[in-house]
Amino acid sequence: MSNNSDASLVLPTPSEFLSFPYPQPYQIQLDLMRHLYEVLESKKISIVESPTGTGKTLSLLTASLTWLRDHQDRARKAHALEVTGNAKKSTPQWAIDQAVARKKRELEAREAEREERMKRARAKEAKLRARVVHMKKKQARYLPSDDEDAEDEDGMSKEVRALFAKYHLSRIEASRNTSRITEEDEEALKCTKIYYASRTHSQLSQVLPELRRVDERRAYEDDEVQYFTTTRAVALGSRKQLCINDTLLKGKRVDLDEACRAMLAEKKEKRCPHLPSQEEEAAMLDLRDQILATPKDIEELATTGRASGICPYFGSRKAIDQAELVTLPYNLLFQKSAREALGIDLKDQIVVIDEAHNVIPTLLSLSTTSVPLSQIRLSLAQVTTYLAKFKTRLKHVHVLSLRRLTVFLESLVACVEGWGGGEGVTEIMTPNDFVSRLGKKVEGINLLEVERYLKASRIARKISGYCLELEEVEARKRKGMVPPLHAVEDFMVSLSGMNDDGRISFIRNTNGSLEVRYQLLNPEPNFAEVVDEARAVVLAGGTMSPMSDVFNQLFSHVAAERLTSFSCGHIIPANNLQTLVVTKGPKGGPVEFKAERQKDPAAIEELGQILFNLVCVTPKGMVVFFPSYNFLNSAKAAWGQSGTLGRLEGRKKIFFEPEETTDVDKVLQGYAAAVHEVDPSRPKPGALLFAVIGAKLSEGLNFADDLARSVVIIGMPYANLGSAELKERMAYVKRLEERRVREGKQVREKGAKDAAAELYENMCMNAVNQSIGRAIRHQGDWAALVLLDRRYANTAIRNKLPKWIGSGLTVADTYGMVIKELATFYRQKTAA
């Protein structure tokens, strides 16, 4: 369905949402859904804060899909109005009525054709799944577990895979004999869609169960729904997640993206067998329909592609136009090159970003490009070799561009090699200063023009392939890996921007290696492309405070009337949450863990006493967050010598956050088991988990119910001001604020912190808020939040805590008050 003018048809915000899958939403859910509906209709940008456990994802889906259905109905009416409006004054009414009816029949026929295809695809999918289940049961009776035909990694045996292949071939043959809709009809069936993004695929996979609930409720509530009883959804992923070419998957050192592109450029039998030719386009269209027939997460999509023998990566791209809901990770949404590669057009579309507290660091990370000196040298050697061999055969424009590239690479190698920084040293400069260091020859080169040539000609792959052919057999094993010139190409793209937002760093790593890095100080420019194209943008998260920081860093170019926000309380009763700020220790002294105090033996020992007292009153699980690994390790060592660690162990079994990601699951499983384990050596069952703010356990994990009856935050995790890159970013935002004040675009209140100080504090509070959010995970949950640092009593800091804490925060004037309040809270909860 095309997007038509609908200015005369305004959608009123619903008082209720019939597709909400439960009998009655909580008031905060209803408020959120109404807010979101208004945002989408009025084409605004909103920051939404809804704590985990409040049904945020379900509310986002219900509201956005309700708006989408209403918008589709409006578009149909707009078609009729368009026909009426285009009619000449002399046209009789009966002719106009016939034209409107004919247009309506055309739209209904197109939608009926699409829904019929979806029904056929769903029926085929159900039939195939039933047959696969039958085949698996059959083979289980006859195949020994160590048989070579036993199931492989994706759970399919060769026999089952053969069934899929046979079924797929018959489907292709049948599709060749089936009339298909025209390209014009395909274009007309494009529709407004919702792009739903989150940080990881595991987070996105949680969207599908909620989507199915909404679909089931909508079909149940409205028996007259003729079309789209199942939302057409597609999950977008990378080649690495969706590739079904076993030859490529077995190449351990091969870069899958690069190897795929190389294989697709081949002809006939060397071409990837899983991508149909133009003559077999019907097979790709059938896979598209299979993808859209029922919502699938990224793993289910890969299985569907493998079952059909058709590449699910390209199949998912084919499904985008006709999808109503597209789920994708941040990097595919934020990077323009990724959007272009996937064919994503955000014009007038809806963008919903979940777990949005990660948006700013993700944008900054994606715009950072590092190139090791070794890679620059290799690139120079390859370009020089290639140019020497083929300069007499290449056209003049190719030779000229490659010579310019050679000059740039020679200057870059000389500049980096000549830098005298020692081990662990970083030097930062502006792009203009960096180009000046490269010399006058480079200053005269249009780097953007050279980069365009590299991209258009794809010469990097040719150069790398030719040079590998000249090397020894062992070196040829690198074929399919990323050509070194690609990293240089990315660096040139960044450098060609030449604006005040970027910085170049020379870095000597601890192993002595050198690298040059481009980093963007401002996350707004790249995100602005998304904001300016989309109809509406929603940034949602459990803890988005402080919101002012997000508005200032991402939306300073947006008119104030287009910006709005929503923050709700928690669905839990107020008496299920006890939040305490500990300002004084057992000896009456101030509790404050600034950097210098983290090395003080007396302060560390007093912290041990405080935690021991908290352990004694806290039932079941207790999670303690330190501001850094260094502080945690120092405390662990000191308590080990003083015996404090043994005293804590006598009350609860102790676990520490692992430094290796691969050990996280093991630690969590042990902790969860110990929370409920009855140990005769301890008075009560329970466990104590020491973690680090901003590390592996501070976000994305649920410590529900007994796993976290208290969450303790030690100190404030301010970033290291010794970091040259952080200093540069703080200086940048301060200059930017001063310029906006001079231009009258911003008013700075008297006595307020400057932008640099605000950024520094907000980075700290963002990390704290994510750790706090680990405790309360559903309506019936309850826990205490203990903030061990008197700085949390400061009004400005308290205002940056999650809004759902609200007025429930208590600043304890004495340490005795802390223990008394906690003891009373836990006594009431455990007795209930």
Side-chain angles (χ1 to χ4, degrees), residues 577-618 622-639 642-645 647-648 651-652 654 688-694 698 708-719 760-761 764-765 767-769 771-772 774-775 783-802 805 808-826:
L577 179 66
Q578 173 76 66
T579 306
L580 288 164
V581 176
V582 181
T583 61
K584 294 182 179 179
K587 298 178 181 179
V591 172
E592 189 174 59
F593 292 101
K594 291 184 177 181
E596 59 272 16
R597 289 273 290 167
Q598 294 175 17
K599 299 174 184 178
D600 182 354
I604 291 176
E605 200 54 41
E606 184 174 46
L607 173 60
Q609 181 60 48
I610 292 173
L611 292 180
F612 178 77
N613 292 338
L614 296 180
V615 162
C616 290
V617 296
T618 302
M622 175 172 163
V623 183
V624 178
F625 284 101
F626 275 76
S628 68
Y629 275 112
N630 285 340
F631 189 12
L632 172 57
N633 292 333
S634 297
K636 181 180 178 181
W639 293 339
S642 67
T644 299
L645 209 57
R647 292 172 63 211
L648 292 171
R651 289 284 179 170
K652 293 185 184 294
I654 297 178
L688 172 61
L689 176 61
F690 288 110
V692 176
I693 297 175
S698 62
R709 289 310 181 191
S710 71
V711 171
V712 181
I713 307 293
I714 299 173
M716 300 184 69
Y718 283 105
Y760 188 56
E761 188 171 272
C764 168
M765 293 309 298
V768 168
N769 290 343
S771 298
I772 286 175
R774 298 310 94 209
L785 305 178
V786 183
L787 307 175
L788 288 182
D789 199 301
R790 66 175 180 175
R791 288 174 290 178
Y792 286 109
N794 181 282
T795 302
I797 296 296
R798 289 171 60 179
N799 289 338
K800 292 180 181 180
L801 289 168
I805 289 179
L809 184 144
T810 300
V811 177
D813 294 328
T814 65
Y815 184 70
M817 180 181 176
V818 173
I819 302 302
K820 180 181 177 181
E821 290 282 343
L822 286 176
T824 301
F825 173 73
Y826 288 128

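With no hydrogens or angles considered, a side-chain donor-acceptor pair links T644 and E605 at under 3.5 Å.
In this structure, L788 and L611 have side chains that are in contact, with non-hydrogen atoms separated by less than 4.5 Å. Under the 4.5 Å side-chain criterion, counting only non-hydrogen atoms from C-beta, Q609 is in contact with N613. The shortest side-chain heavy-atom distance between Q578 and T810 falls under the 4.5 Å cut-off. Put simply, the side chain of V591 does not reach to within 4.5 Å of the side chain of Y815, judged on heavy atoms. Side-chain contact between F825 and V617 is absent, with no heavy-atom pair separated by less than 4.5 Å.
Between the CG atom of L614 and the CG atom of L580 there is a distance of 9.5 Å, given to the nearest 0.5 Å. Expressed to the nearest 0.5 Å, how far OG of S634 lies from CD1 of I604 amounts to 5.5 Å. The CG atom of L645 sits 9.0 Å away from the CG atom of L688 when rounded to the nearest 0.5 Å. Rounding to the nearest 0.5 Å gives a distance of 6.0 Å between CG of L801 and CG of N769. To the nearest 0.5 Å, atom CG of residue L785 and atom OG1 of residue T579 are 4.0 Å apart. Atom CZ of F593 sits about 13.5 Å away from atom CE of M716, to the nearest 0.5 Å.
Contact record, P717 with C764: CD-SG, 3.5 Å, taken as the closest heavy-atom pair. Residue R798 comes nearest to A793 through the heavy atom pair CD-O, 3.4 Å, listed as atom of the first residue, atom of the second, then distance. Closest approach of G585 and I610 over heavy atoms only: CA-CD1, 4.4 Å. Of all heavy-atom pairs between P590 and R597, the closest is O-NH2, 3.9 Å.
Exactly one residue among V712, L648, I713, V786 makes a side-chain contact (heavy atoms from CB on, under 4.5 Å) with V624. That residue is V712. With respect to S771, the side-chain contact (heavy atoms from CB on, under 4.5 Å) criterion is satisfied by exactly one of I693, V692, V623: I693.
Using a 4.0 Å cut-off between a side-chain N of Lys or Arg and a carboxylate O of Asp or Glu, K587 and E606 do not qualify as a salt bridge.
Counting only distance, with no hydrogens or angles, the side chain of Y760 and the backbone of Y718 share no donor-acceptor pair below 3.5 Å. Within the 3.5 Å criterion, the main-chain N or O of R709 finds a donor-acceptor partner in the side chain of Y826. Using a distance-only test at 3.5 Å, with no hydrogens or angles considered, a donor-acceptor pair links the side chain of Y792 to the main chain of G715. Using a distance-only test at 3.5 Å, with no hydrogens or angles considered, a donor-acceptor pair links the side chain of K652 to the main chain of T618.
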Check step by step if side chain to side chain contact (heavy atoms under 4.5 Å, CB included) holds for L787 and I772. CA-CA 9 Å; L787 307 175; I772 286 175; 4.2 Å; yes
Steps toward side chain to side chain contact (heavy atoms under 4.5 Å, CB included) verdict (E761, I797): CA-CA 8 Å; E761 188 171 272; I797 296 296; 3.4 Å; yes
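Taking the six-membered ring where tryptophan is involved, the planes of F631 and F626 are perpendicular, since the angle between them exceeds 60° and thus also 30°.
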